[in-house]
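Here is the structure we will look at, set down as structure tokens.
Numbering of ligands and ligand atoms starts at 1, following listing order. Note that the structure is predicted; figures quoted are calculated from it, not measured. What you see below is based on every heavy atom in this structure, not just the backbone, and it leaves out hydrogens, waters and symmetry mates. One is the number of the first residue; the rest follow in order along the sequence.
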Amino acid sequence: MTDQPIALVTGAAQGIGYACAEAIAESGARVVLADVKAEEVAAAAERLGGGAVAMPCDMGDPDQVAALFARIAAEVGAPSILVNNAGIALPGDFLDTSLDQFRRVIDVNLVGVFLATQHAAKAMIANGIPGAIVNMSSINAVLAIPTIAAYCASKGGVMQLTKATALALAPHGIRVNAVGPGSIDTSMMASVNANPEAIRTVMSRTPLKRLGSAREIADVVAFLVSEKAGYITGETIYVDGGRAALNYTC
Ligand code: NAD
């Protein structure tokens, strides 16, 4: 065992999660990358290097989440950093959305965050670690889109879960915050990127007139888990190119 901090990033095979793993590794931590895509996450850990470890896990499956934390404890040690980033949107017409689709989004985006936070916090407390947790929320925690009702509900839930867990874990010196991205250039935005009309709509409501990069989200996450953010807890920071501040589109 060394004194090197251990970080777990979920949904880390690509996109914002991988960028978070990279930024946190640069700050000196050893990173465990978890993702439902086993081959892709193995390749991502290999690419990251520096002792990074890949662990396949479906964050929407409570048994797999429990097994993930047992494996981390046995093979790597107790994490002092957790980034709950794994997320899905499953867009579609609200009237055609099945209960299974709705539940799947809530299970991955909200229940998964609850479970991982609880497992991580118990390990931090047992090991006397004053840890830091960051949840990946969204601008859709506060602004709704009709074709992703479950996603909006899950991210609104993440915002409140962030506050409640920040209060619950403050006595243990564990901070919990969230980052709420606007429109970020990852595979989640691929269908928008491929459609000129859709991209025009996104730009009309984005004052900085561009998509954000995964790294611009990861840098805020790396700040929030660092000692520089030692007095911040229960907060959601929106990194959205000014979108939430905008009162009209033209
Ligand atoms: P992405 O689709 O590129 O990456 C998501 C990653 O999560 C993938 O590697 C995927 O395999 C993994 N994942 C999906 N379901 C999982 C599960 N059940 N268990 C474990 N891993 C799973 O998307 P992204 O844009 O990088 O999104 C990352 C996070 O950022 C998500 O929570 C998303 O809601 C949030 N977000 C993204 C945007 C955006 O514009 N891209 C905006 C706001 C919020």
(request) Look up atom CD1 in Ile174 and atom CG in Leu169, then write down how far apart they are to the nearest 0.5 Å. (result) 5.0 Å
(request) State whether the shortest distance between N or O atoms of Ile16 and N or O atoms of ligand 1 falls below 3.5 angstrom. (result) yes
(message) Residue-level breakdown please: for Met59 versus ligand 1, do any non-hydrogen atoms fall below 4.0 Å on the side chain, on the backbone, on both, or on neither?
(response) both
(message) Quick one: does any side-chain atom of Thr10 pair with a main-chain N or O of Asn85 as donor and acceptor, under 3.5 Å?
(response) yes
(request) Report the part of Ile184 (side chain from C-beta onward, or backbone N, CA, C, O) that has a heavy atom under 4.0 Å from ligand 1; answer both or neither where that applies. (result) both
(message) List ligand 1 atoms under 4.0 Å from Lys37, heavy atoms only on the residue side.
(response) 11 (O)
(message) Looking at every heavy atom in both Pro181 and Ile184, which two are closest together, and how far apart are they?
(response) CB-CG1, 3.6 Å
(request) Please could you name the atoms of ligand 1 that Met189 approaches to less than 4.0 Å, counting only its heavy atoms? (result) 40 (O)
(message) I'd like to know if Arg104 contacts ligand 1, where contact means a heavy-atom distance under 4.0 Å to any ligand atom.
(response) yes
(request) For residues Leu48 and Glu22, determine if any side-chain heavy atom of one lies less than 4.5 Å from a side-chain heavy atom of the other. (result) yes
(message) How far is atom 24 (P) of ligand 1 from the closest protein heavy atom, and which atom is that?
(response) Thr186 OG1, 3.5 Å
(request) Starting from atom 18 (N) of ligand 1, locate the nearest protein heavy atom and write down its residue, its atom name and how far away it is, to 0.1 Å. (result) Asp58 OD1, 2.9 Å
(message) Quick one: does any side-chain atom of Asn177 pair with a main-chain N or O of Thr162 as donor and acceptor, under 3.5 Å?
(response) no
(request) Please verify whether a non-hydrogen atom of Ser137 lies at under 4.0 Å from ligand 1. (result) yes
(message) On a heavy-atom basis, which atom in Ala166 and which in Thr233 lie closest, and how many Å separate them?
(response) CB-OG1, 3.5 Å
(request) Do me a favour and list the nearest non-hydrogen protein atom to atom 35 (C) of ligand 1 with residue, atom name and distance? (result) Met136 CG, 3.7 Å
(request) Measure the distances from the heavy atoms of Tyr18 to every atom of ligand 1 and state whether one is below 4.0 angstrom. (result) no
(request) For Leu33 and Ala52, work out which heavy atoms get closest and say how close. (result) CD1-CB, 3.7 Å
(message) Students should be able to answer this: which protein heavy-atom is nearest to atom 2 (O) of ligand 1, and at what distance?
(response) Ser187 OG, 3.2 Å
(request) Could you pull out the closest heavy-atom pair between Val9 and Ile24, with the gap in Å? (result) CG2-CD1, 4.3 Å
(message) Under 3.5 Å between any N/O of Val36 and any N/O of ligand 1: does that happen in this structure?
(response) yes
(message) Less than 4.0 Å is my threshold; does some heavy atom of Ala214 fall inside it relative to ligand 1?
(response) no
(request) Number the atoms of ligand 1 from 1 as they appear, then name those within less than 4.0 Å of a heavy atom of Cys57, with their elements. (result) 19 (N), 20 (C)
(message) Please check whether Met188 reaches ligand 1 - meaning an N/O of the residue sits under 3.5 Å from an N/O of the ligand, judged on distance alone.
(response) no
(request) State whether the side chain of Arg175 and the backbone N or O of Ala229 hold a donor-acceptor pair below 3.5 Å, judged by distance alone. (result) yes
(message) With respect to Asn85, determine whether any N or O atom, backbone or side chain, lies less than 3.5 Å from an N or O atom of ligand 1.
(response) yes
(message) Counting only nitrogen or oxygen atoms and a 3.5 angstrom limit, does Ser138 reach ligand 1?
(response) no
(message) Using side-chain heavy atoms (C-beta onward) and a distance below 4.5 Å, is Ile106 in contact with Ser154?
(response) yes
(message) Set out, in order, the CA-CA distance, both residues' side-chain angles and the distance that settles side chain to side chain contact (heavy atoms under 4.5 Å, CB included) for Val179 and Ile16, then state yes or no.
(response) CA-CA 11 Å; Val179 173; Ile16 292 171; over 6 Å; no
(request) Looking only at protein heavy atoms, identify the closest one to atom 36 (N) of ligand 1 and say how far it is in Å. (result) Tyr151 OH, 3.5 Å
(request) Mind checking whether Ser183 contacts ligand 1 via backbone (N, CA, C, O), side chain (CB onward), both or neither, at a 4.0 Å heavy-atom cut-off? (result) backbone
(request) Please confirm whether the backbone N or O of Ser191 pairs with a side-chain atom of Asn195, one donor and one acceptor, at under 3.5 Å? (result) no
(request) Mark up the atoms of ligand 1 that fall under 4.0 Å of a heavy atom belonging to Gly87, in ascending order. (result) 14 (C), 31 (C), 32 (O)
(request) Measure the distance from atom 6 (C) of ligand 1 to every protein heavy atom, then report the residue, atom name and distance (to 0.1 Å) of the closest one. (result) Gly11 O, 3.5 Å
(request) Look at the side chain of Gln64 and the backbone N and O of Met59, then say whether any donor-acceptor pair between them is shorter than 3.5 Å. (result) no
(request) Answer yes or no for Ile88: is there a heavy-atom contact with ligand 1 below 4.0 Å? (result) yes
(request) Could you tell me the residue and atom name of the protein heavy atom closest to atom 42 (C) of ligand 1, and the distance to it rounded to 0.1 Å? (result) Gly182 O, 3.0 Å
(message) So is Glu40 touching ligand 1 or not, going by heavy atoms under 4.0 Å?
(response) no
(request) Indicate yes or no for a side-chain donor-acceptor contact from Asp185 to the backbone of Ser213 under 3.5 Å, with no hydrogens or angles considered. (result) no
(request) Flag Gly15 as yes when one of its N or O atoms lies below 3.5 Å from any N or O atom of ligand 1, and as no otherwise. (result) no
(request) State, yes or no, whether a side-chain contact exists between Leu211 and Met203 at a heavy-atom distance under 4.5 Å. (result) yes
(message) So does Leu95 get a backbone contact from the side chain of Asp93, meaning a donor-acceptor N/O pair under 3.5 Å?
(response) yes
(request) Report the nearest protein non-hydrogen atom to atom 12 (C) of ligand 1: residue, atom name, distance rounded to 0.1 Å. (result) Asp35 OD2, 3.3 Å
